[in-house]
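Have a look at the structure below, then the notes.
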Amino acid sequence: MKLFGSLTSPYVRHCRLALMQSGLDWEMVELDIHSTTEPGTPTLRVPFLEDAGLKLTDSTSIVKYVREKSGKEFIPDAVDLDRYCLANTLMDAAINLFLLERSGLDIDANVYTRRQKLRVEKILDELNSAPLPETGNLGDADYRVAVGVAWGVFRNRFSIDSHPNLQRLLEIAGQDEFFVETAPPQA
Ligand SMILES: N[C@@H](CCC(=O)N[C@@H](CS)C(=O)NCC(=O)O)C(=O)O
């Protein structure tokens, strides 16, 4: 199967990590989503996945598909799933602000982008209060929070200096070989 995406995207990172852990046959097709209007996905976003006749257009359906195809389960617990969703909302808001700023918008001058910034800070506070996984025992909610927080730190979108549990989560994830292997390349 083929995973289309960039090496810096946290959504793609979670999919790559799941694929590496799966033992399935797959390849990564690097794609700069911003340089094409016909990337082969209606979302105009990465990741997307092709497997024979199947096409999946979102990292959540991709991770679920990969886990289940390799005999594992995808987040059965509602509280864990909610933490996964919070991490998605965090990434969505932070990436949205990143792209708007890069396109020249003053994100402090707009009422909605100020709300997006507040959303990021509130979700970081909430995620910081969640229980931590044991080393070597991360689930998909833990991975999702870790890739999102690592992306925000990597792109200087937010700080976790006042969030000790999120710092600890990155330390725990930093002992996971696949989390390490999928880290965004340093410029
Ligand atoms: N809900 C999607 C979000 C994917 C997403 O936002 N990807 C970013 C890269 S990190 C993207 O392709 N952005 C391009 C754009 O918004 O134009 C998923 O989970 O796969």
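Numbers here simply count residues along the sequence, with the first being 1. In each ligand, atom 1 is the first atom listed, and ligand 1 is the first ligand listed.
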| task | With side chain to side chain contact (heavy atoms under 4.5 Å, CB included) as the test, would you mind laying out the steps for F48 and L31 before giving the verdict? | result | CA-CA 10 Å; F48 61 98; L31 183 69; 3.6 Å; yes
| request: Just need the protein heavy atom nearest to atom 20 (O) of ligand 1, so name the residue and atom and give the distance. | output: S59 N, 2.8 Å
| task | Could you walk me through whether E50 and V29 pass the side chain to side chain contact (heavy atoms under 4.5 Å, CB included) test, one step at a time? | result | CA-CA 11 Å; E50 288 175 3; V29 181; over 6 Å; no
| request: Select one of side chain, backbone, both or neither to describe which atoms of V12 lie under 4.0 Å from any atom of ligand 1, heavy atoms only. | output: neither
| field | Sidechain N-carboxylate O distance under 4.0 Å for D108, K117 | value | yes
| Does R13 count as lying over the ring of F179, i.e. NZ or CZ under 6.0 Å from the six-ring centre, within 45 degrees of the axis? | yes
| said: With heavy-atom distances below 4.0 Å as the criterion, list the atoms of ligand 1 near I33. | reply: 12 (O), 14 (C)
| Would you say D176 and Q21 make side-chain contact, with heavy atoms under 4.5 Å? | yes
| remark: For atom 1 (N) of ligand 1, the closest protein heavy atom turns out to be D58 OD2, 2.8 Å
| note | In ligand 1, the atoms that come under 4.0 Å of a heavy atom of L99 are 15 (C), 16 (O)
| field | With V153, the side chain to side chain contact (heavy atoms under 4.5 Å, CB included) member among L166, D161, I160 | value | I160
| said: At under 4.0 Å between heavy atoms, is it the side chain or the backbone of H34 that contacts ligand 1, or both, or neither? | reply: side chain
| Protein heavy atom at shortest distance from atom 16 (O) of ligand 1 | R45 NE, 3.4 Å
| query | Nearest protein heavy-atom contact for atom 4 (C) of ligand 1: which residue, which atom, what distance? | reply | V46 O, 3.3 Å
| field | Salt-bridge criterion met for D80 and R83 (N-O under 4.0 Å) | value | yes
| said: I need the atoms of ligand 1 closer than 4.0 Å to a non-hydrogen atom of I95, numbered in the order shown. | reply: 10 (S)
| Tell me: protein heavy atom nearest atom 10 (S) of ligand 1, and distance? | S9 OG, 3.1 Å
